[in-house]
> 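Below is a structure I'd like to ask you about.
Note that the structure is predicted; figures quoted are calculated from it, not measured. To find a chain, count down the sequence lines: A is the first, B the second, and so on, and within it residues start at 1.
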Amino acid sequence: MIGVTRSALRPLGALAAAADEIAKSNLECAIPESRRTDEVGRLAGAFRAMRDALKKQHLERRWAAQALEHQLKYKQLVIDSVEELVFVLTKSLSITRINPAVTRLAGHDEDAVIRTPLTRLLSLVREPAEAGGQARDDAAVIGEVLKAGRSLSGAPARLKTADGRVIGVRLNLVPLLDQNRVVGAVATLRADEADLPRDGRV
Amino acid sequence: MSQKHILMVDDEDAVRSLLGEVLDGAGYRVTGVPSVALALEAVRVGRPDLIITDLQLDEADGFELIDAMQERAPGVPVILLTGVLFDHAVIARIGEGKIAAYLEKTSSLDRILDEVARQLAKTAGK
């Protein structure tokens with residue numbers, strides 16, 4: 001009687017061991033085959049189906065993760081390869097990201113400029129009447145453009161480099177729109193030799 | 001029924017390894033190679049039933065591989081797996097008549113397996 005009971009329960013022990021392996025993320029664990037058609041046999045079948053479903057989910061997750069990594073890597077590569085200086089900005093014009101050209105051409109390290117307002121590094125070149133008459137600072141001018149969801153294209157500006165020099169640049173500023181809401185902006189600067197000021201420093 | 005042979009060309013180890021595991025698990029025989037040269041060598045050794053290739057390969061792009069395959073293994077369907085550097089509308093235009101299907105690399109494995117099965121079923125009927 002005891003021998004029969006032990007023999008009947010042996011598959012349950014094997015299933016419990018398999019469940020322990022699955023709990024340890026071992027999805028290659030063997031689940032005993034059973035020809036039994038009773039509850040124990042059905043339980044083994046259900047375990048196998050559960051392990052296979054988990055395996056499939058696990059593979060899908062790994063695939064999605066590598067696809068995401070691939071996408072991010074190439075999108076980053078595209079930004080990093082842009083010759084223009086690229087600044088990603090918040091709505092209030094704080095710098096959140098730069099591309100390597102900013103460091104290469106203007107000497108600004110990422111750590112030093114992240115969270116800095118762009119207008120601390122960059123000033124617009126405006127007509128004297130406009131600059132003086134309206135007495136609005138650059139942040140207000142650019143802020144208004146952004147708030148309206150508009151862009152600036154080729155606006156003359158001066159960029160202060162990390163060592164205090166000034167470079168004449170052309171500024172393109174494009175709002176980042178998420179479902180028609182302005183969530184930030186991308187500023188790209190192209191060095192413009194013709195606009196380099198003669199007197200040097202800002 | 002004999003096991004279908006899939007030639008997979010991708011220069012990323014992670015993609016070859018993972019997709020290979022999945023296709024193998026689905027019952028296909030898979031040859032994974034990282035380059036056009038090795039793909040051509042694999043076709044010389046044995047004609048595959050299906051080719052899955054990336055578009056960005058180390059020494060040549062996937063279109064060059066497809067052109068070469070059309071000469072060396074005509075009639076073998078090619079599924080193009082594309083990454084982020086290509087415009088899909090452009091790929092569809094350029095690949096017309098040359099590729100059986102193209103999928104983004106962000107497609108789910110289920111979607112890829114469905115497309116593989118669909119293409120193999122089409123060739124089985126020929």
Side-chain angles (χ1 to χ4, degrees), chain A residues 18 21-22 24-33 44-84 86 88 97-101 174 176-179 183-184 186 188, chain B residues 6 8-30 32-35 52-63 79-91 101-117:
Chain A
E21 287 302 306
I22 290 172
K24 285 187 264 180
S25 300
N26 176 13
L27 300 178
E28 299 301 326
C29 67
I31 293 178
E33 292 286 339
F47 259 74
R48 204 167 296 113
M50 180 182 74
R51 178 203 59 190
D52 292 347
L54 285 170
K55 248 168 107 167
K56 198 173 157 205
Q57 275 180 15
H58 183 61
L59 282 169
E60 284 284 7
R61 271 203 303 272
R62 280 170 59 201
W63 180 253
Q66 73 76 26
L68 184 65
E69 191 181 327
H70 174 88
Q71 272 195 315
L72 290 174
K73 187 175 95 180
Y74 277 92
K75 283 182 176 166
Q76 186 65 47
L77 198 62
V78 170
I79 295 171
D80 288 355
S81 305
V82 172
E83 266 298 307
E84 282 84 358
V86 179
V88 181
R97 193 167 159 187
I98 58 173
N99 73 338
V174 179
L176 285 175
L177 295 171
D178 184 12
Q179 296 178 335
V183 294
V186 177
T188 56
Chain B
I6 298 174
M8 183 175 50
V9 192
D10 200 303
D11 54 6
E12 286 188 57
D13 293 346
V15 172
R16 278 202 320 280
S17 155
L18 192 47
L19 197 53
E21 185 181 338
V22 170
L23 291 168
D24 182 67
Y28 301 113
R29 184 162 70 85
V30 184
V33 294
S35 68
I52 301 176
T53 180
D54 187 10
L55 206 42
Q56 298 152 242
L57 297 167
D58 269 348
E59 82 280 26
D61 69 35
F63 284 122
I79 296 177
L80 206 55
L81 263 187
T82 61
V84 295
L85 293 184
F86 296 89
D87 181 309
H88 292 168
V90 173
I91 291 169
Y102 72 91
L103 295 170
E104 293 178 43
K105 274 192 169 170
T106 49
S107 302
S108 70
L109 290 169
D110 261 354
R111 170 83 185 86
I112 294 170
L113 285 175
D114 282 352
E115 193 57 50
V116 166

> Which heavy atom in E12(B) sits nearest to a heavy atom in Y74(A), and how many Å separate them?
OE2-CE1, 4.5 Å

> Is E104(B) in contact with chain A via its backbone, its side chain, both, or neither, using a 4.5 Å heavy-atom distance?
neither

> Might you confirm whether atom CD of E60(A) has over 12 heavy atoms from other residues, nucleotides or ligands at distances under 6.0 Å?
yes

> Considering only heavy atoms and a distance below 4.5 Å, find which of D110(B), V15(B), V22(B) pairs most often with chain A.
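Sorted descending by pairs with chain A, the first entry is D110(B).
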
> Give a yes or no on this: more than 12 heavy atoms of other residues, nucleotides or ligands lie within 6.0 Å of atom CD of E83(A).
no

> Do you know the tightest heavy-atom contact between W63(A) and L81(B)?
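Minimum heavy-atom separation between W63(A) and L81(B): CH2-CD1, 4.4 Å.
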
> Which region of K56(A), side chain (C-beta onward) or backbone (N, CA, C, O), has a non-hydrogen atom less than 4.5 Å from a non-hydrogen atom of chain B, or is it both or neither?
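Contact with chain B: side chain only.
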
> Need one label for Q66(A): side chain, backbone, both or neither, based on atoms under 4.5 Å from any heavy atom in chain B.
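Contact with chain B involves the side chain of Q66(A) alone.
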
> For the candidates A14(B), G25(B), S107(B), S108(B), which exhibits the highest count of non-hydrogen atom pairs separated by less than 4.5 Å from chain A?
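If we count pairs closer than 4.5 Å to chain A, S108(B) comes out on top.
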
